[in-house]
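Step one of this worksheet: look at the structure below.
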2 protein chains.
Amino acid sequence: MFSNSTKYAIRTIEYLLFNKEGGKNTVGALAKELDIPQPYLSKIMQQLSKSKLISSTKGRGGGFYLSEENMKRPLIDIVICIEGKNVFRECVLGLPECSDDNPCMLHEHFKKFRDSLRQSVCKDGIKFLLSTSQSQKP
Amino acid sequence: MFSNSTKYAIRTIEYLLFNKEGGKNTVGALAKELDIPQPYLSKIMQQLSKSKLISSTKGRGGGFYLSEENMKRPLIDIVICIEGKNVFRECVLGLPECSDDNPCMLHEHFKKFRDSLRQSVCKDGIKFLLSTSQSQKP
DNA sequence: GGATAAAAGGATATAAATATCCTAATTAAA
DNA sequence: TTTAATTAGGATATTTATATCCTTTTATCC
Ligand code: FES
Ligand code: FES
């Protein structure tokens with residue numbers, strides 16, 4: 001479905017949502033907590049950082065965190081950042097073009113999923129998790 | 001999103017829907033028509049055939065086609081056949097378990113997509129395409 | 001200012017997905 | 001019964017994704 005890189009990216013951002021602005025997390029800590037290979041996660045964080053999907057400070061005491069701006073980014077941007085280019089503009093079955101006029105067999109199904117990712121921003125993750133979880137990590 | 005193999009599989013089955021039972025298609029013809037590497041598609045067809053998602057006859061004049069039984073299979077089976085095992089039971093973000101009790105950030109979004117693939121059978125593709133297309137290949 | 005801790009970035013190794021090639025088995029036609 | 005066309009299946013090559021390693025830059029603490 002998604003590549004490992006994308007999964008890691010979303011899960012990490014999801015985790016960062018619980019460390020509101022100022023709470024910095026080192027790659028080492030994140031990798032351990034989320035059970036992701038540390039150097040690999042490091043690369044992914046770099047990519048996300050370049051695309052302004054997460055924030056970071058270098059040097060001692062530094063780390064990664066989400067700014068208010070970061071939290072407003074739609075979920076789909078995370079996927080696009082890692083999976084590259086217009087993965088969500090393309091047809092899910094790899095047809096040269098995705099359009100309502102010439103839909104593939106999964107077009108309607110996929111469109112709903114895609115649109116829901118477009119409309120949700122990272123911040124919604126907090127609301128969602130807090131509203132549905134009983135024993136979530138604080 | 002999906003692997004190339006899965007995309008090829010679904011697109012090919014979609015194509016076969018227009019050649020109702022009896023109309024046999026060689027791998028060569030399918031590969032050419034759908035712009036898929038021929039020997040690679042051949043492997044995929046073998047896999048689909050083993051899982052009874054498509055039918056085939058060997059020898060001269062043989063080829064692949066869909067039986068009525070094949071057409072009743074849910075779309076999700078195609079994905080599972082290629083992508084392997086329980087790709088659709090797993091969490092889309094790779095968490096060890098997917099459940100309503102401990103949902104990931106994409107759980108609700110993904111669940112809808114997954115369920116729509118579970119509920120649609122191949123045959124629906126015909127209905128769907130015929131109802132929405134203006135200038136589809138016959 | 002020197003030591004330390006962190007992200008940033010380049011280069012490389014490993015594993016998996018994608019693709020190709022070649023031979024065997026099967027069937028139909030000639 | 002031979003020949004040709006086709007799927008089935010094994011073995012292998014190529015490309016891409018995944019993962020690791022090492023160096024550089026930046027900031028903090030002492
Ligand atoms: S045409 Fe395939 S997803 Fe839109
Ligand atoms: S928990 Fe992630 S998809 Fe269900």
Side-chain angles (χ1 to χ4, degrees), chain A residues 1-12 16 19 22-67 70 79 81-85 87 93-94, chain B residues 1-12 16 19 22-67 70 79 81-85 87 93-94:
Chain A
M1 204 62 190
F2 292 120
S3 67
N4 277 357
S5 298
T6 302
K7 290 179 188 172
Y8 293 163
I10 300 179
R11 274 172 53 204
T12 306
L16 288 178
N19 292 273
K24 288 163 197 160
N25 300 264
T26 67
V27 172
L30 291 167
K32 198 178 168 193
E33 183 68 33
L34 297 165
D35 196 29
I36 299 170
Q38 209 243 57
Y40 190 45
L41 181 59
S42 173
K43 290 288 176 218
I44 294 168
M45 298 306 264
Q46 274 179 45
Q47 246 183 294
L48 292 170
S49 187
K50 268 193 220 161
S51 299
K52 304 277 170 59
L53 282 159
I54 59 177
S55 305
S56 69
T57 54
K58 288 172 89 172
R60 189 169 186 151
F64 294 98
Y65 62 96
L66 296 183
S67 68
N70 296 147
V79 180
C81 171
I82 306 289
E83 217 88 356
K85 54 198 171 186
V87 60
L93 296 188
Chain B
M1 206 60 190
F2 291 120
S3 66
N4 276 359
S5 298
T6 301
K7 290 179 188 171
Y8 294 163
I10 300 180
R11 275 172 53 203
T12 307
L16 289 179
N19 292 273
K24 288 164 199 161
N25 300 263
T26 68
V27 172
L30 290 167
K32 196 177 169 193
E33 182 66 33
L34 297 165
D35 195 29
I36 299 172
Q38 209 244 57
Y40 190 46
L41 181 58
S42 173
K43 290 287 178 218
I44 294 168
M45 299 306 263
Q46 273 180 44
Q47 245 183 294
L48 292 170
S49 187
K50 269 193 220 161
S51 299
K52 305 277 170 56
L53 281 159
I54 59 177
S55 305
S56 70
T57 53
K58 288 173 89 171
R60 190 168 186 154
F64 294 97
Y65 62 97
L66 296 182
S67 68
N70 297 148
V79 181
C81 171
I82 305 290
E83 217 88 358
K85 52 198 172 180
V87 61
L93 295 188

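Remember, it's a predicted structure, so these values are computed and weren't measured experimentally. First the proteins, then the strands, lettered A, B, ... as listed; each starts at 1.
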*Hey, are the side chains of Phe2(A) and Val79(A) touching, using non-hydrogen atoms and a 4.5 Å cut-off?*
yes
*asked:* Less than 4.0 angstrom between a side-chain N/O of Ser5(A) and OP1 or OP2 of dA17(D), yes or no?
replied: no
*side-chain N/O Ser49(A) vs dA8(C) OP1/OP2, d < 4.0 Å*: yes
*Compare the minimum distances between each of dT4(C), dT7(D), dA19(C) and the side chain of Val27(B), then state the nucleotide with the smallest one.*
dT7(D)
*Using a heavy-atom distance cut-off of less than 4.0 Å, which residues of residues 35-48 of chain A contact DNA chain C?*
Lys43(A), Gln46(A)
*Over how many whole Å does the gap from Asn4(A) atom CG to dT20(D) atom C1' extend?*
15 Å
_Side-chain N or O of Thr26(A) closer than 4.0 Å to phosphate OP1/OP2 of dA5(C)_ = no
*Closest to side chain of Ser56(B), choosing from dG9(C), dT7(D), dA4(D)*: dT7(D)
*Within-4.5 Å side-chain heavy-atom neighbours: Met45(B) and Ser56(B)*: no
*If you look at every strand shown and take non-hydrogen atoms under 4.0 Å, does Lys7(A) touch a base, only sugar-phosphate, or nothing?*
nothing
*Using a 4.0 Å heavy-atom cut-off across all strands, classify Gly63(B) as base, sugar-phosphate, or nothing.*
sugar-phosphate
_Protein-nucleotide distance (Lys58(A), atom NZ; dA7(C), atom C1'), rounded to Å_ = 6 Å
